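Everything numeric here is computed off the predicted structure, so don't read it as measured data.
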Amino acid sequence: MVDGTLSWTDFLSEAREFLHLSEQLGDGWTLCEKDGNEPNTFLSCKRKVRSKDNGTLSTLISVEYHVVFSVSYQVPMLFFQAHRSDGSLLDVDATWRAFMPEARERSDLFQMLTQMDHPVLFRPFMALHPCRTSDVLAQFGKKSENRILTFISVYGPHVQLNLQNAYGNAIKCK
Amino acid sequence: MTENILQFAAFESFVCPTFWHKLAELKIEHDRLSDAPKPISGHYTNHKAAGCLLEVDYSAYNSSAQPPKFSHNAVGTIYNKNTIEEFKELDKTSLLSAEGQALLADMTSARVLDNPSLLARFFVLSFADLKCHSYYYWFGFPCPLTHPLQLQSEAVRVKDLQNFAAVAEALRAVPSEAQNFFILYANEELESVEVRSLSAALTNIDNTEAEHYYYCFADPSEYEHPAWLMRNYVAFLLMQCPTLLGKTLKFLGLRYDQQMNVDNSLIWKVVQNDACDLTRIENVKFVGWEPNRNCKMGPRMVSMRDSMDPAKLAENSVNLNLKLMKWRLLPELNLEAIAQTKCLLFGAGTLGCAVARNLLSWGFKHITLLDSGKVGYSNPVRQNLYTHADAVMGNKMKSTTAAERLLEINPSAVAKGYVVQIPMPGHTIGEAMLEQTTNDLTLIEEQVHAHDVLFLLTDSRESRWLPTVLGAVHQKIVINAALGFDSYLVMRHGSTRECVGDQGNEIEGLKCIMGQKLGCYFCNDVTAPGNSLKDRTLDQQCTVTRPGVSNIAASYAVELLVALLQHPQRELAPAYYAQSSHKRQQVESTAAIPEGLLGILPHSIRGLLYNYENILPATEKFSQCIACSQPILASFRSEGHAFLLKAFETARYLEELTGIADFKSLHCEIIDFDDDEFDMSEGDENDSGPTTTNIDE
């Protein structure tokens with residue numbers, strides 16, 4: 001039985017490894033380090049995505065994704081915040097509409113995406129709730145080569161964060 | 001013909017919130033009243049480009065531009081006006097012309113050769129309403145109006161070039177800061193591929209070599225058309241090298257995909273046949289204002305209140321828990337109804353403080369407290385809005401201090417406190433106090449008028465009389481909480497609103513009492529409230545209750561109100577109680593009680609800490625009630641204050657008025673309660689005693 005949790009030092013080293021892969025692939029991730037304390041280092045990247053809201057006329061929004069260590073759950077956590085082309089932020093309602101319009105209210109997906117205070121920045125951010133992450137990470141049976149990579153690949157697509165397949169090759173060639 | 005004309009993908013402005021944050025900061029701390037144009041920088045990327053974006057963020061105001069990775073610098077100017085009128089009235093055509101002429105001046109001089117990013121040009125006209133956190137803005141991407149370019153053939157992908165490998169290698173070798181505009185010399189016969197800067201290639205252009213030139217630029221367009229900035233590129237080239245006129249020119253829009261490959265970069269072969277003399281500036285027209293969201297020529301406005309106004313930020317955070325409740329568990333929960341309901345609290349003691357805090361938790365915003373007391377040394381440990389320091393100060397009034405604290409807890413609340421004595425029946429008002437009492441009465445009545453809900457949280461039975469009467473007269477929701485030593489009573493008074501429509505459903509084993517037929521606190525009594533503070537020792541006047549009782553009662557009081565507000569009939573919602581005396585049947589029939597959004601809506605909750613039990617009795621209005629019966633309400637309506645003053649003079653007056661006095665003499669002889677059946681009545685009796693620790697009263 002593989003445990004799906006990881007320690008802070010695991011998180012840090014695997015985040016650095018992930019950063020290295022991203023740099024090789026020119027994927028634009030950065031590591032933000034507020035100070036050396038747990039959990040004040042996180043991965044960050046920005047993407048432009050098309051909002052799924054109101055179907056036909058999809059608009060571009062800018063999304064900043066953060067992969068932050070959850071001290072309580074001992075797993076990586078996906079935080080993100082999106083803004084429109086005029087600079088206004090998407091609130092929870094708008095985020096739901098933009099990212100998961102097909103998810104019905106009170107469905108599992110709907111419950112997973114919520115607003116929380118960012119554990120490093122102490123500002124309200126959107127987040128995917130970490131309560132199931134360790135189960136999900138454990139389901140892979142054997143230990144992942146890089147759990148940050150596994151985590152982003154599994155959780156990212158729910159909020160339009162898709163990694164290139166090249167990461168898979170890169171991790172094998174490391 | 002039109003399909004042979006090269007079209008361009010227009011720039012779309014894309015503003016990061018930090019651009020507005022920095023603009024506000026600079027306006028307040030640096031620019032103040034100056035509205036001189038300021039240089040700014042933007043950036044665009046040709047790396048996995050989405051749309052055709054020109055982005056600005058906080059770094060736009062930096063003196064030296066440092067575009068993010070994979071991005072290129074754009075040169076801009078911001079015209080931030082001081083008033084909305086200046087913003088509106090500014091002549092948009094001349095601003096565009098002035099910007100365009102500055103661009104032409106850069107093109108004719110050597111400046112563009114040295115710094116090609118001058119071709120990626122923009123400006124912003126803006127007005128920052130810093131009070132409202134609203135930003136009005138309009139982007140322009142100036143460009144001289146020239147004759148259309150003839151497209152010689154369909155655009156070709158770089159990947160399909162015969163010498164693709166060599167070209168791709170050369171392109172990848174260009175340092176990123178030089179990738180915005182450069183020239184690729186690719187001579188297939190000589191198998192020579194070479195990258196040149198604009199200045200190297202265009203100064204004294206060699207026309208035979210120029211046949212092998214690809215005019216390259218970082219292309220932020222994701223569409224089939226090249227980005228808007230190519231227009232300026234073409235205009236510049238023809239101005240710089242007039243010999244290129246009428247010749248086929250190859251433009252290469254450099255585009256990187258996810259894998260950092262240049263395969264999908266596009267090549268357009270174009271010809272410009274008609275000369276356009278850009279040196280005679282006065283004849284040149286310019287285009288480039290960005291259309292707004294409705295595709296009309298006009299400015300845009302964005303409200304940044306949600307992310308920039310500290311009060312709004314706090315408010316949104318406060319509401320988050322409530323919203324989560326709505327989103328996840330109770331989609332029908334009406335938070336707006338809660339936020340708009342105004343609550344008036346009679347008493348700012350143990351119950352008043354606890355109720356006020358519970359109201360804040362539920363998102364109530366309008367809370368007013370009435371109390372005449374000062375914060376005493378014994379208060380802070382039980383009355384959770386005060387601290388020891390308040391008592392040490394000696395003169396801190398409870399009502400106003402409590403309101404201050406509520407605002408400290410939630411700045412977006414509307415909390416007020418008034419120091420006011422609540423006149424009581426049987427508490428005679430002397431000549432000297434008459435004026436003060438009249439003022440207090442006026443204030444209390446005004447406040448009742450201005451609120452939707454009255455909470456009765458005072459420490460004596462008689463002080464609840466006036467608010468009960470006023471609540472009934474003015475058709476307010478009244479929630480009453482009273483404490484005994486280890487017992488509590490929380491109830492909603494019957495409504496005096498006219499009932500419309502739906503009647504309650506009769507359910508087997510349950511008695512149903514409609515909201516307008518429910519009793520008030522005094523309906524079960526056969527005595528008018530007298531002076532319960534008289535002839536008592538100090539310890540009897542102080543509240544002697546188990547500390548948890550007040551918190552439990554306060555919580556029930558607020559939850560009862562919230563349940564009421566969420567019921568479609570609100571205070572007219574019927575209450576049910578089991579008629580059967582058998583406990584088992586009672587439980588069964590209780591399960592059949594119709595529920596509102598938040599469960600059943602009892603008339604009253606009587607609880608005992610001794611055995612941790614609640615019962616939920618419902619009682620009807622008493623036609624001779626000394627607080628809510630018709631004779632009382634009629635006398636108040638016709639006599640007003642005079643009626644009240646008579647009642648304050650002597651409690652007997654109320655008993656006479658309602659005819660309850662006769663009733664009382666009758667009942668004294670026959671009523672003999674069986675203690676086992678009425679085990680809850682004890683708590684009720686204690687309600688008549690003082691219930692808070694306010695020894696000032």
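- For A:Glu23, the CD atom is densely surrounded, since the number of other residues' heavy atoms within 6.0 Å is greater than 12.
- Shortest non-hydrogen contact noted between A:His83 and B:Cys16 is CE1-CA, 3.6 Å.
- Looking at heavy atoms from C-beta onward, A:Thr114 lies out of side-chain contact with B:Lys323 at the 4.5 angstrom threshold.
- Heavy-atom contacts from other residues, nucleotides or ligands closer than 6.0 Å to OH of B:Tyr58 number 12 or fewer.
- With a 6.0 Å radius and a threshold of 12 heavy atoms from other residues, nucleotides or ligands, B:Asn261 has its CG atom above the threshold.
- Between B:Glu55 and A:Lys46, no side-chain nitrogen of the basic residue sits less than 4.0 Å from a carboxylate oxygen of the acidic one, so the salt-bridge criterion is not met.
- The choice from B:Asp306, B:Thr18, B:Leu53, B:Val56 that makes the most heavy-atom pairs within less than 4.5 Å of chain A is B:Leu53.
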Would A:Ser85 and B:Arg300 count as a side chain to side chain contact (heavy atoms under 4.5 Å, CB included) if you check the C-alpha gap in whole Å, the side-chain angles of each, and the deciding distance to 0.1 Å? CA-CA 11 Å; A:Ser85 69; B:Arg300 302 174 184 216; 4.1 Å; yes
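- Residues A:Leu89 and B:Pro17 share a closest heavy-atom pair of CD2-CG, 3.8 Å.
- The closest side-chain heavy-atom distance from A:Leu25 to B:Gln259 is not below 4.5 Å.
- With a 4.5 Å cut-off on non-hydrogen atoms, B:Arg305 does not touch chain A at all.
- In terms of heavy atoms, A:Asp27 sits closest to B:Gln258 at OD1-NE2, 4.2 Å.
- Heavy-atom contacts from other residues, nucleotides or ligands closer than 6.0 Å to NZ of A:Lys34 number more than 12.
- Under a 3.5 Å cut-off, the side chain of B:Trp20 and the backbone N or O of A:Asp86 do form a donor-acceptor pair.
- Note on A:Arg50 versus B:Glu222: salt bridge recorded, some NZ/NE/NH1/NH2 to OD/OE distance being below 4.0 Å.
- Heavy-atom distances place no part of B:Tyr256 under 4.5 Å from chain A, backbone and side chain included.
- Taking all atoms of both residues into account, the shortest heavy-atom contact from A:Ser88 to B:Ser303 is CB-O, 4.4 Å.
- Note on B:Met304, B:His47, B:Lys69: by heavy-atom pairs under 4.5 Å with chain A, the leading option is B:Met304.
- For chain A, no part of B:Tyr135 is nearby; none of its heavy atoms comes within less than 4.5 Å.
- Proximity to chain B is absent for every atom of A:Arg123, based on heavy atoms less than 4.5 angstrom apart.
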